[in-house]
Novice: 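Would you mind keeping the following structure in view while I ask a few things?
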Amino acid sequence: AQTFYACSLLFAPEWWLNENFVDKSLQNNDSVLALMSIMGLLCLTIIVITFIIRNAKNTRVELMKKMDIASAVTWSFFLVNSIRLQQDGMAPDAAFKQNLGIYAVIIGAYAYQSTTRKPKSK
């Protein structure tokens with residue numbers, strides 16, 4: 001999901017805006033497109049940081065469980081924001097339903113992973 005958002009926001013912001021918002025004029029707004037590239041870079045930064053932490057030999061399982069819980073909570077904020085956008089009439093129904101399903105699966109996966117994570121083998 002991180003890679004999808006980073007790539008979408010960096011390389012196809014017009015498509016992403018068109019798919020996720022009712023207002024089709026957003027994809028022609030230079031300020032909005034600039035913000036999309038900034039958000040894409042922030043997503044890329046998160047990818048790099050989490051990759052380093054998850055692959056470090058000295059990362060303990062307790063930290064990984066906390067990262068899983070933090071990720072589930074963060075994705076929950078995406079879900080709540082998606083509901084808010086839908087209630088404000090900003091998100092199309094199809095994108096709203098699709099995003100809700102995706103967010104629910106990601107939240108569930110991180111929550112489950114936080115309870116089943118085992119120490120790395122040496």
Side-chain angles (χ1 to χ4, degrees):
Q2 291 172 339
T3 304
F4 169 77
Y5 280 108
C7 290
S8 296
L9 296 173
L10 282 172
F11 304 116
E14 295 91 352
W15 169 83
W16 191 87
L17 289 164
N18 190 46
E19 290 292 315
N20 288 285
F21 289 96
V22 172
D23 184 357
K24 303 304 179 195
S25 68
L26 293 174
Q27 64 188 353
N28 299 319
N29 185 314
D30 289 339
S31 297
V32 173
L33 293 174
L35 287 173
M36 294 294 101
S37 66
I38 291 168
M39 289 192 308
L41 291 171
L42 289 172
C43 288
L44 186 60
T45 302
I46 292 167
I47 291 170
V48 170
I49 291 169
T50 56
F51 177 81
I52 291 168
I53 292 170
R54 291 182 189 281
N55 290 297
K57 291 181 181 178
N58 60 347
T59 301
R60 297 190 345 228
V61 71
E62 293 83 16
L63 173 63
M64 296 306 299
K65 286 182 178 186
K66 289 178 182 175
M67 280 187 60
D68 292 335
I69 292 169
S71 296
V73 169
T74 303
W75 280 102
S76 296
F77 293 147
F78 276 92
L79 190 136
V80 170
N81 190 56
S82 185
I83 292 169
R84 185 188 62 80
L85 291 174
Q86 176 65 18
Q87 289 177 341
D88 290 346
M90 296 176 70
D93 285 338
F96 171 72
K97 291 174 185 173
Q98 187 177 39
N99 287 338
L100 257 122
I102 292 169
Y103 298 154
V105 168
I106 292 171
I107 293 163
Y110 274 123
Y112 176 77
Q113 184 172 271
S114 73
T115 63
T116 60
R117 189 178 284 281
K118 294 181 177 33
K120 293 180 183 179
S121 57
K122 296 183 180 189

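Sequence positions, counted from 1, serve as the residue numbers for this chain. None of these values were measured; they are calculated from a predicted model.
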Novice: Please list, chain by chain and in numerical order, all residues satisfying salt bridge (Lys or Arg N to Asp or Glu O under 4.0 Å) with D88, sequence neighbours excluded.
Specialist: R84
Novice: Can you tell me how far apart CZ (R60) and CG (L63) are? Round to the nearest 0.5 Å.
Specialist: 8.0 Å
Novice: First locate atom CG of L26, then atom OG of S31, and finally report the distance between them rounded to the nearest 0.5 Å.
Specialist: 11.0 Å
Novice: Please name all residues satisfying side-chain contact (heavy atoms from CB on, under 4.5 Å) with F11, sequence neighbours left out, ordered by chain then number.
Specialist: C7
Novice: Kindly give the heavy-atom pair with the smallest separation between N99 and S82, and that separation in Å.
Specialist: CB-OG, 4.1 Å
Novice: Compare every heavy atom of K65 with every heavy atom of R117, then report the nearest pair and how far apart it is.
Specialist: O-CE, 3.5 Å
Novice: Could you tell me which non-hydrogen atom of Q2 sits nearest to which non-hydrogen atom of I46, and how far apart they are?
Specialist: NE2-CG2, 3.6 Å
Novice: A side-chain contact here means heavy atoms from C-beta on lying under 4.5 Å apart; do N29 and L33 qualify?
Specialist: no
Novice: Check whether I69 and I107 end up in the same hydrophobic cluster, where Ile, Leu, Val, Met, Phe, Trp and Tyr are linked by side-chain heavy atoms less than 4.5 Å apart.
Specialist: no
Novice: Does K118 reach the side chain of V61, with side-chain heavy atoms less than 4.5 Å apart?
Specialist: no
Novice: Output all residues satisfying side-chain contact (heavy atoms from CB on, under 4.5 Å) with M39, sequence neighbours left out; order by chain, then residue number.
Specialist: L9, M36
Novice: Report yes if the side chains of V73 and F77 come closer than 4.5 Å at any heavy-atom pair, otherwise no.
Specialist: yes
Novice: Y110: which residues meet the side-chain hydrogen bond (donor to acceptor under 3.5 Å, both in side chains) condition with it, sequence neighbours left out?
Specialist: none
Novice: Can you name the one residue among N81, V80, T74 that meets side-chain contact (heavy atoms from CB on, under 4.5 Å) with F78?
Specialist: T74
Novice: Which label fits F4 and W15: parallel for a plane angle under 30°, tilted from 30 to 60°, or perpendicular past 60°?
Specialist: perpendicular
Novice: If you count the non-hydrogen atoms of other residues, nucleotides and ligands that lie under 6.0 Å from CE in M67, is the total more than 12?
Specialist: yes
Novice: Compare all side-chain heavy atoms of Q86 with those of D93 and state whether any distance is below 4.5 angstrom.
Specialist: yes
Novice: M64 versus T59: any side-chain heavy-atom pair under 4.5 Å?
Specialist: yes
Novice: If two hydrophobic side chains count as joined below 4.5 Å and joins carry through other members, does V32 share a cluster with L10?
Specialist: no
Novice: Test I53 against every option in I49, N55, T50 by the side-chain contact (heavy atoms from CB on, under 4.5 Å) rule and name the one that passes.
Specialist: I49
Novice: Which heavy atom in L100 sits nearest to a heavy atom in L79, and how many Å separate them?
Specialist: O-CD1, 4.2 Å
Novice: Under the rule for side-chain hydrogen bond (donor to acceptor under 3.5 Å, both in side chains), what residues qualify as partners of Q27, not counting sequence neighbours?
Specialist: none
Novice: Any idea which heavy atoms bring I106 and A1 closest together, and the distance?
Specialist: CD1-CB, 3.5 Å
Novice: Starting at CG of L85, measure out to CZ of F21 and round the result to the nearest 0.5 Å.
Specialist: 5.5 Å
Novice: Rounded at 0.5 Å granularity, tell me how far CG in D30 sits from CG in L35.
Specialist: 11.0 Å
Novice: Taking all heavy atoms of I47 and all of A6, pick out the closest pair and write down the distance.
Specialist: CD1-CB, 3.9 Å
Novice: For W16, does its backbone N or O pair with a side-chain atom of S8 as donor and acceptor, under 3.5 Å?
Specialist: no
Novice: Holding to ring pair (Phe, Tyr, Trp, His ring centres under 6.0 Å), I want the full list of residues that pass it with F96, two or more places apart in sequence or in another chain.
Specialist: none
Novice: Going by distance alone, is a donor N or O of one side chain under 3.5 Å from an acceptor N or O of the other, for N28 and E14?
Specialist: no
